[in-house]
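Report on one structure; see the data block that follows.
These numbers were taken from a predicted model, which means no experiment stands behind them. We name chains A, B, ... by the order of the sequence lines, and we start the count at 1 in each one.
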Amino acid sequence: MEYADPKDLYDSDFREKVQEALSDLGIEREPVIERPKKGLADLCLVCFPFAKELSKPPRAVAEEIMERVGISDKFTLEVKGGYLNCMFRPERYTSDLASFLWSKKGELGKGPSNDKVVVVEHTSANPNGPFHVGRARNPIIGDTLVRILDHAGYNISSQYWINDMGKQVMILVWGIHNIDEKDLPAMERKKEDHDLVRYYQKANALMESDERIAADINSLLADYEMAVKEGEWDRVISRSGDGEIRAIDVRAACDRVLSGMKNSLTRLNISDQQMVYESQVVEDGSLWDVIDGLKKSSLYNEEDGASFLDLSELIEGGDDDRFKRRFVFTRSDGTALYTTRDLAYHKWKLDNCDLAVNVLGEDHRYQSKMLELALRELGSEKVPEAVFYSFVSLPDGKMSTRRGRVVYLDDLLDDAVEMARKEVEKRRKDLPEDRLIEIAETVGIGALRFNIIKVQPEKKIVFKWEEALNFEGASAPFVQYSHARACSILQKAGGDLEGQFEWSKVVERSEQNLLKKIAEFSDIVEKAAVDRKVHFIAVYVVEVASAFNDLYRDCPVIGEEDPERRRARLALVEMAREVLATGLGLLGVSAPVSM
RNA sequence: GGGCCCGUGGCCUAGCCAGGAUAUGGCGCCGGCCUUCUAAGCCGGAUGUCGAGGGUUCGAAUCCCUCCGGGUCCGCCA
């Protein structure tokens with residue numbers, strides 16, 4: 001049996017009565033009814049718009065409407081300025097709301113499941129070195145979005161599109177096979193990505209100073225593409241350096257770096273993704289289908305043997321022809337480009353889902369637009385939707401793997417955990433070592449994820465250690481701490497939470513505020529999912545934690561003498577605990593039972 | 001040259017798409033609260049031309065226009 005949400009019931013009750021009153025007054029206009037933010041009321045009717053047509057001051061209008069709406073058993077009314085405020089009768093609303101929410105226990109915030117298949121592509125970082133903090137924003141946003149969409153009821157999966165056909169990877173492969181380990185700086189960390197990035201950086205430097213190396217790498221790239229196209233993974237594509245390089249070695253180099261990168265992602269609590277290699281669209285031939293398809297477009301054109309779509313009519317911009325708006329999909333020599341393979345990948349992806357969401361850096365905005373237009377030219381009805389984020393920079397500028405000017409994610413993770421450990425040690429002398437480590441990991445990693453996710457992605461972030469490792473205020477540990485407190489109460493109070501509750505005993509301001517806050521959960525999840533705004537959840541869980549802390553301050557549970565009130569309060573704590581744990585879970589942050 | 005994104009107390013930030021009441025919260029600062037369920041908490045205080053200017057509106061942080069500052073992109077690179 002599904003109960004209707006009291007929020008909606010009370011809301012529509014007020015709304016209907018207002019509508020009636022308005023039509024009595026001869027007003028047709030749609031009334032503006034909103035939820036005031038600051039607890040001034042549960043709902044309010046904005047009366048300014050009616051003032052003119054009734055030629056009365058807004059306040060008088062509000063009073064007249066109040067008169068006509070009359071007395072209700074659900075709410076009381078009050079006029080303030082030009083507003084008609086509606087306060088739900090707490091003795092009744094609280095009970096209705098509490099029993100409704102309690103019936104949802106175990107799946108608070110969950111949306112009704114639908115069969116919409118959504119694929120979120122995120123991370124997709126080039127496999128050429130360890131994640132730096134800038135790159136880490138992508139998986140954190142992506143994974144959080146996956147968790148939110150899942151909770152909102154979508155059929156969700158995520159993909160990592162591996163660029164194994166680009167120059168970056170060839171530089172890496174060339175480096176591995178041509179550079180002697182003893183010519184490299186010492187490994188900063190015993191981990192595959194940290195090991196191999198040294199070859200990449202060195203190869204890059206060599207390539208910049210030696211044209212022959214650059215040429216080598218280019219021919220490696222061309223030969224690799226040919227081998228993949230023909231499915232000959234054993235084919236030798238280079239004989240320079242230490243013997244020969246086979247096509248399969250390129251894949252192997254990617255996988256080695258990726259194993260290190262994945263390790264970091266796992267530690268960051270990023271859920272596993274389906275790994276899709278760029279070479280797939282070359283090997284299975286779908287790339288050439290896409291090229292043939294594009295050649296049928298009315299925008300198709302050629303220049304010096306290269307094929308492109310002329311998008312100048314479709315993309316906004318000035319008419320300076322130094323800047324051409326072209327989607328080039330084959331070079332003069334007939335080979336394909338990264339963007340073409342990306343297009344083939346998206347064609348495949350979109351054929352297998354209802355909605356594709358890509359998490360991309362803001363530098364991909366233009367490319368994403370072109371991709372969308374090209375997909376439309378291919379006759380695709382669906383186009384991917386993108387969530388863009390701005391970069392994380394250092395106080396003195398951009399991060400760059402190539403130049404080695406970075407804060408590595410692994411270092412940041414270590415520092416976060418180390419610092420969390422110190423904090424735990426300060427407060428808890430009683431804990432055994434393994435529990436200490438567990439909490440430090442949970443708190444440190446949580447703080448990090450939370451700090452990235454709490455601000456809207458469009459804002460650029462200037463990375464500062466002291467802010468990234470913030471353990472108080474609006475942070476993961478703040479929320480985790482409230483959760484631990486709730487767990488502690490539940491554990492110490494014991495007792496059963498079966499059967500009926502005397503919800504009418506829930507009368508304190510803090511209790512009611514917390515309950516109302518809990519009731520917002522499902523709306524927040526839905527809004528975050530539909531608008532793809534992951535930071536809503538972070539903002540919300542802090543509000544819940546804050547409301548819980550007020551309860552903690554005002555309403556002792558264990559010391560409560562009235563057994564029915566104590567039980568109801570305990571149930572309220574249990575609901576808060578669930579929302580905090582679930583909310584943190586949506587952010588990929590674990591909720592410790594003690595800390 | 002142009003497109004897109006951002007600009008909110010000393011610092012960071014919510015609200016902006018769907019305009020409404022005294023602009024959200026945090027960091028830092030000042031002053032308080034641990035014989036009562038974990039003080040990673042709580043309470044109080046100081047700090048604001050919501051980048052600037054115009055416009056629309058009864059009402060603008062929010063919508064429109066212009067400008068300024070920062071980011072980012074405009075490749076037969078990936």
Atom CE of A:M370 and atom P of B:U72: how far apart are they, to the nearest Å?
19 Å
Once you apply a heavy-atom cut-off of 4.0 Å, does A:F48 come out as touching a base, just sugar-phosphate, or nothing?
base
The test is side chain to side chain contact (heavy atoms under 4.5 Å, CB included); show your working for A:T330 and A:T335 and say whether it passes.
CA-CA 5 Å; A:T330 61; A:T335 58; over 6 Å; no
Nearest-neighbour nucleotide for the A:R553 side chain, B:C37, B:A40, B:C42 considered:
B:C42
Using the P atoms only, state how far B:C64 lies from B:U56, rounded to an integer number of Å.
15 Å
Test salt bridge (charged side-chain N to carboxylate O under 4.0 Å, His left out) on A:K517 and A:E520 and set out the steps.
CA-CA 5 Å; A:K517 199 39 92 176; A:E520 290 174 23; 3.3 Å; yes
Name the nucleic acid region contacted by A:F329, choosing base, sugar-phosphate or nothing; use a 4.0 angstrom heavy-atom cut-off, strictly under.
nothing
With nearest nucleotide decided by heavy atoms, which residue, A:H364 or A:P36, maps closer to the 5′ end of RNA chain B?
A:P36
If you only use heavy atoms from C-beta on, which nucleotide in B:C17, B:A14, B:G26 is closest to the side chain of A:V539?
B:A14
Reckon A:V443 touches a base, only the sugar-phosphate, or nothing at all at heavy-atom distances under 4.0 Å?
base
Select base, sugar-phosphate, or nothing to describe what A:D342 touches, counting heavy atoms under 4.0 Å on all strands.
nothing
Is the closest side-chain donor-acceptor distance between A:S510 and A:D550 under 3.5 Å?
no
Counting side-chain heavy atoms from C-beta on, which of B:C17, B:A14, B:G25 comes nearest to A:Q456?
B:A14
Candidates B:C11, B:A78, B:G15 - which lies nearest the side chain of A:Q168
B:A78
Distance in angstrom units between A:I461 CD1 and B:U72 P, rounded
15 Å
Using atom C1' of each nucleotide, how far apart are B:G26 and B:A40 to the nearest Å?
14 Å
Whole angstrom value for the distance that separates P of B:A18 from CZ of A:R35:
20 Å
Return the value, rounded to whole Å, for the distance between atom CZ of A:R326 and atom P of B:G3.
21 Å
Establish, from distance only, whether the side-chain atoms of A:D310 and A:N301 form a donor-acceptor pair under 3.5 Å.
no
Please step through side chain to side chain contact (heavy atoms under 4.5 Å, CB included) for the pair A:L45 and A:C86, ending with a clear verdict.
CA-CA 8 Å; A:L45 171 70; A:C86 166; over 6 Å; no
Can you check the distance between B:G48 and B:G10, where both ends of the measurement are the P atom (answer in whole Å)?
7 Å
With sugar-phosphate meaning primed atoms plus P, OP1 and OP2, does A:N85 contact a base, only sugar-phosphate, or nothing at under 4.0 Å between heavy atoms?
base
Residue whose nearest RNA chain B nucleotide is more 5′ - A:E278 or A:G559
A:G559
Look through every strand shown and name the nucleotide pairing with B:G1 as Watson-Crick or G-U wobble, where both distances are under 3.5 Å.
B:C74
Determine the interatomic distance between P on B:A60 and the same-named atom on B:G55; round to the nearest Å.
12 Å
Whole angstrom is fine here: how far is it from CZ in A:R566 over to C1' in B:U36?
14 Å
Nearest-angstrom distance from the residue atom CZ of A:F450 to C1' of B:G26:
10 Å
Sort out the partner of B:G59 for me: Watson-Crick or G-U wobble, both distances under 3.5 Å, none otherwise.
none
Contact class for A:C487 (heavy atom, under 4.0 Å): base, sugar-phosphate, or nothing?
nothing
Can you measure A:N470 atom CG to B:C11 atom C1' for me and round it to whole angstrom units?
13 Å
Rounded to whole Å, the NZ-C1' distance (A:K459 to B:C11) equals 13 Å
With the side chain defined as heavy atoms from C-beta on, A:N549 is closest, among B:G26, B:G41, B:G71, to B:G41
Show your reasoning for whether side chain to side chain contact (heavy atoms under 4.5 Å, CB included) applies to A:Q480 and A:L584.
CA-CA 8 Å; A:Q480 291 172 317; A:L584 284 171; 3.9 Å; yes
Please report the distance separating the P of B:G31 from the corresponding atom of B:C65, rounded so that it comes out in whole Å.
50 Å
Nearest-angstrom distance, C1' atom, B:U13 to B:G59
26 Å
Please give the distance between the P atoms of B:U62 and B:A46 as a whole number of Å.
27 Å
Candidate nucleotides B:C37, B:A21, B:A78, ranked by approach to the side chain of A:L40 - the nearest:
B:A21
Look only at the side chain of A:T340 and the backbone of A:A336, and say whether a donor-acceptor pair between them is shorter than 3.5 Å.
no
A:R427, nearest nucleotide to its side chain (from B:C5, B:G15, B:A40)
B:A40
Can you figure out which of B:C37, B:A40, B:C77 approaches the side chain of A:R331 most closely?
B:C77
Just checking, is any N or O donor in the side chain of A:H346 or A:N358 under 3.5 Å from an acceptor N or O on the other one?
yes
Nearest-angstrom distance, P atom, B:C4 to B:C50:
26 Å
